[in-house]
Amino acid sequence: MLQVGLIAALLYGGPVLGMDPDEDVEMSTESSRARFEVGIGTWVSLGRTKWDHDASAVDPTLGNPTSELNYKETRSIVGELQGKMTFDEWLFLRGSAGYGGIDDGTLIDDDYVSALGATTFGTSVSGPHRLSRTESDIDGDYLWYVNLDVGTTLFRFADDRGAVRTFLGYQHWREQYVARGVNQLECTAVGTQCSAPGTISSPGAAAVTNRVDWDSLKLGAEADVPIFSWLTFQMGATYVPLAVLSNEDIHHLRGDLRKDPSFSMAGTGQGYNLEAGARVRVLKGLYVSTGVRYWELFVKDAEWRNHPVVGASSTVNLNNLRSQRYGITFLVSYTF
């Protein structure tokens, strides 16, 4: 009720009922004063994007899954900027943006055939199985993300040393990889469908470029729990009820596929973000934080489409696509 009265006084210029006018002005001014927090930090992270599709309905020689690509252990040191504005001690707006290069990782590319495919291609293994496995080194490219949140404080600890908050937000998250060279690890149809194991093709040349974009709606809760006067434990959990996927692959070494892109995927899914850590007050208003962070998004309903140089595109079911990134965070922030 006090907040309602203060807001009414600010909007209509009159005193709050039962309060001295001068006291009203002083308290309203203090309550309505916005507080700001700015921060700069880093996220030392590992990531993975993995997907597979089923084209067996289009070509019965193909297996289910037909192909599976696993862009794994993609390393990135992300630089991050954060900003937060708090109004009337209960409403807040905040945003963060991060960017980092991808300097390491591995692409594993698996292809599968059905029992009919094994017979048709004369494979050395009968029945449905993995026909081919190749490996490529990932030495580029980048990732970036933007988070925008609006939220409210539900509860404050004594002396304003901690709080429990809830928020609604939006996230855009992009990762792009460049995989180079092709190392044949397995092949059951040597000479017709794939090369002999141990064959290295196009060393150093770009083999596959992949770009995955997610646009997500977020619902989250978080808490700052005071441990000592100078130390606070922080934790947060975010549920993503809707994530919209756009994913594109360019296969540079395949002459039968277009390069704008070669394959495309679209759909919707879900996911979650988790964070936990500690915040230390160094000086008045100056804080240093460290913790762990985990993001994961995955499709629930999606399709895969090829883009051949000759002939019409085919659209089939995208069985699975999952993006993950996790690691250790460091942040220096100042509140004023």
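Counting begins at 1 with the first residue of the sequence. Note that this is a predicted model, so its numbers are computed, not measured.
Side chain to side chain, Thr49 and Tyr177 meet the donor-acceptor criterion of an N or O pair below 3.5 Å. Between Arg293 and Thr329, the side chains place no donor N or O within less than 3.5 Å of an acceptor N or O (distance only, hydrogens not considered). For the residue pair Tyr170 and Asp215, a side-chain donor N or O sits within less than 3.5 Å of a side-chain acceptor on the partner.
Relative ring orientation between Tyr272 and Tyr294 is described as parallel, the plane-to-plane angle staying below 30° on a 0-90° scale split at 30° and 60°. Ring geometry, His251 versus Phe263: the interplanar angle exceeds 60°, so the pair is classed perpendicular (tilted spans 30 to 60°). In this structure, Tyr334 and Phe336 have parallel ring planes: the angle between them is below the 30° cut-off, well short of the 60° mark. Note on ring orientation: taking the six-membered ring where Trp is involved, the planes of Trp144 and His172 are tilted (angle from 30° to 60°).
A donor-acceptor pair is defined here as one N or O able to donate and one able to accept, closer than 3.5 Å; such a pair exists between the side chain of Thr166 and the backbone of Gly220. A donor-acceptor pair under 3.5 Å links the side-chain atoms of Thr66 to the main chain of Ala55, judged by distance alone. Between the side chain of Ser262 and the backbone N or O of Leu257 there is no donor-acceptor pair closer than 3.5 Å. Here the side chain of Arg156 pairs a donor or acceptor atom with the backbone of Glu89 at under 3.5 angstrom. Side-chain N or O atoms of Ser216 include none that pairs as donor or acceptor with a backbone N or O of Lys218 at under 3.5 Å. Using a distance-only test at 3.5 Å, with no hydrogens or angles considered, no donor-acceptor pair links the side chain of Thr152 to the main chain of Leu91. A donor-acceptor pair under 3.5 Å links the side-chain atoms of Ser136 to the main chain of Gly181, judged by distance alone. The main-chain N or O of Ala115 is found under 3.5 Å from a side-chain atom of Thr119 such that the two form a donor-acceptor pair. Ser76 places a side-chain N or O within 3.5 Å of a backbone atom of Gly101 that can act as its donor or acceptor partner. For the pair Lys259 (side chain) and Arg254 (backbone), a donor-acceptor distance under 3.5 Å is present.
There is no path of hydrophobic side-chain contacts, each under 4.5 Å, that joins Leu283 to Val280. No path of Ile, Leu, Val, Met, Phe, Trp and Tyr side chains, each step under 4.5 Å between heavy atoms, connects Ile250 with Ile108, placing them in separate hydrophobic clusters. Connection of Trp173 to Val44 is not established within any shared hydrophobic cluster, with ILVMFWY side chains joined at heavy-atom distances below 4.5 Å, either directly or through further cluster members. Note on Trp51 and Val316: same hydrophobic cluster, where clusters join Ile, Leu, Val, Met, Phe, Trp and Tyr whose side-chain heavy atoms are under 4.5 Å apart, directly or indirectly. One hydrophobic cluster holds both Met265 and Tyr71 under the rule that ILVMFWY side chains link at heavy-atom gaps under 4.5 Å.
Residues Asp54 and Trp304 have side chains not in contact (no heavy-atom distance under 4.5 Å, counting atoms from C-beta outward). Side-chain contact between Ile102 and Gln176 is absent, with no heavy atoms from C-beta onward closer than 4.5 Å. Side-chain contact between Glu68 and Lys50 is present, with heavy atoms from C-beta onward closer than 4.5 Å. In this structure, the side chains of Pro261 and Asp249 stay at 4.5 Å or more apart for every pair of heavy atoms. By the 4.5 Å heavy-atom criterion applied to side chains, Ile77 and Thr42 are counted as neighbours. Contact of the Leu253 side chain with the Val208 side chain is not registered, since no non-hydrogen atoms from C-beta on lie closer than 4.5 Å. The closest side-chain heavy-atom distance from Trp43 to Tyr145 is below 4.5 Å. Val299 has its side chain out of reach of Thr268: every pair of non-hydrogen atoms, C-beta onward, lies at least 4.5 Å apart.
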Practice item. I would like to know whether Trp295 and Tyr326 meet ring-ring contact (aromatic ring centres under 6.0 Å, His included); could you show each step before the answer? Key: CA-CA 6 Å; Trp295 290 358; Tyr326 52 91; over 10 Å; no

Practice item. Verify side-chain hydrogen bond (donor to acceptor under 3.5 Å, both in side chains) between Ser264 and Arg305, making sure each step is shown before the conclusion. Key: CA-CA 5 Å; Ser264 60; Arg305 178 184 291 269; 5.1 Å; no

Review point. Would Asn64 and Asn319 count as a side-chain hydrogen bond (donor to acceptor under 3.5 Å, both in side chains) if you check the C-alpha gap in whole Å, the side-chain angles of each, and the deciding distance to 0.1 Å?
Key: CA-CA 9 Å; Asn64 180 18; Asn319 293 334; 3.0 Å; yes

Review point. Are Lys300 and Gln270 close enough, and set up right, to give a side chain to side chain contact (heavy atoms under 4.5 Å, CB included), and what steps lead you there?
Key: CA-CA 7 Å; Lys300 300 290 286 185; Gln270 298 173 341; 4.3 Å; yes

Practice item. Decide yes or no on salt bridge (charged side-chain N to carboxylate O under 4.0 Å, His left out) for Asp141 and Arg211, but give the supporting numbers first. Key: CA-CA 10 Å; Asp141 209 340; Arg211 189 184 74 195; over 6 Å; no

Check your understanding: Do Ser132 and Gln184 pass the side-chain hydrogen bond (donor to acceptor under 3.5 Å, both in side chains) test, and can you show the C-alpha distance, the side-chain angles, and the key distance before you say yes or no?
Key -> CA-CA 8 Å; Ser132 171; Gln184 190 77 50; 2.9 Å; yes

Check your understanding: Passes side-chain hydrogen bond (donor to acceptor under 3.5 Å, both in side chains), Thr61 versus Thr120? Steps please.
Key -> CA-CA 7 Å; Thr61 65; Thr120 302; over 6 Å; no

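Between atom CG of residue Asp52 and atom CG of residue Leu321 there is a gap of 9.0 Å, rounded to the nearest 0.5 Å. A distance of 8.5 Å separates CG of Asp110 from CG of Asn70, quoted to the nearest 0.5 Å. Between the CG atom in Leu318 and the OG1 atom in Thr315 there is a gap of 11.5 Å [rounded to 0.5 Å]. Residue Leu217 holds its CG atom at 5.5 Å from CG of Leu168, rounded to the nearest 0.5 Å. Rounding to the nearest 0.5 Å places CZ of Arg48 at 8.0 Å from CD of Glu296. For the atom pair CG of Asp59 and OG of Ser114, the computed distance is 8.0 Å after rounding to the nearest 0.5 Å.
Using a 4.0 Å cut-off between charged side-chain N and carboxylate O, Arg325 and Glu175 make a salt bridge. One finds a salt bridge joining Asp149 and Arg94 here, because a Lys/Arg side-chain nitrogen approaches an Asp/Glu carboxylate oxygen to under 4.0 Å. Ion pairing of Asp213 with Arg174 is present here, as a side-chain N (NZ or NE/NH1/NH2) and a carboxylate O approach within less than 4.0 Å. One finds a salt bridge joining Arg130 and Glu186 here, because a Lys/Arg side-chain nitrogen approaches an Asp/Glu carboxylate oxygen to under 4.0 Å. Note on Arg279 versus Glu37: salt bridge recorded, some NZ/NE/NH1/NH2 to OD/OE distance being below 4.0 Å.
Nearest heavy atoms, Cys194 versus Thr188: SG-N, 4.3 Å. Of all heavy-atom pairs between Gly271 and Leu297, the closest is CA-CD2, 3.8 Å. Between Met235 and Val225 the shortest heavy-atom distance is CE-CG2, 4.2 Å. Taking each heavy atom of Ser67 and Asp111 in turn, the nearest pair found is OG-OD1, 3.0 Å. Between Arg180 and Ala206, the shortest heavy-atom contact is NH1-N, 3.6 Å. What you find for Arg258 and Pro308 is that their closest heavy atoms are CD-O, 3.4 Å.
Because its NZ or CZ atom is both nearer than 6.0 Å to the ring centre of Phe298 and within 45° of the ring axis, Arg322 counts as a cation-pi partner of that residue. In this structure, Lys84 is positioned above the aromatic face of Phe92, its NZ or CZ under 6.0 Å from the six-membered ring centre and within 45° of the axis.
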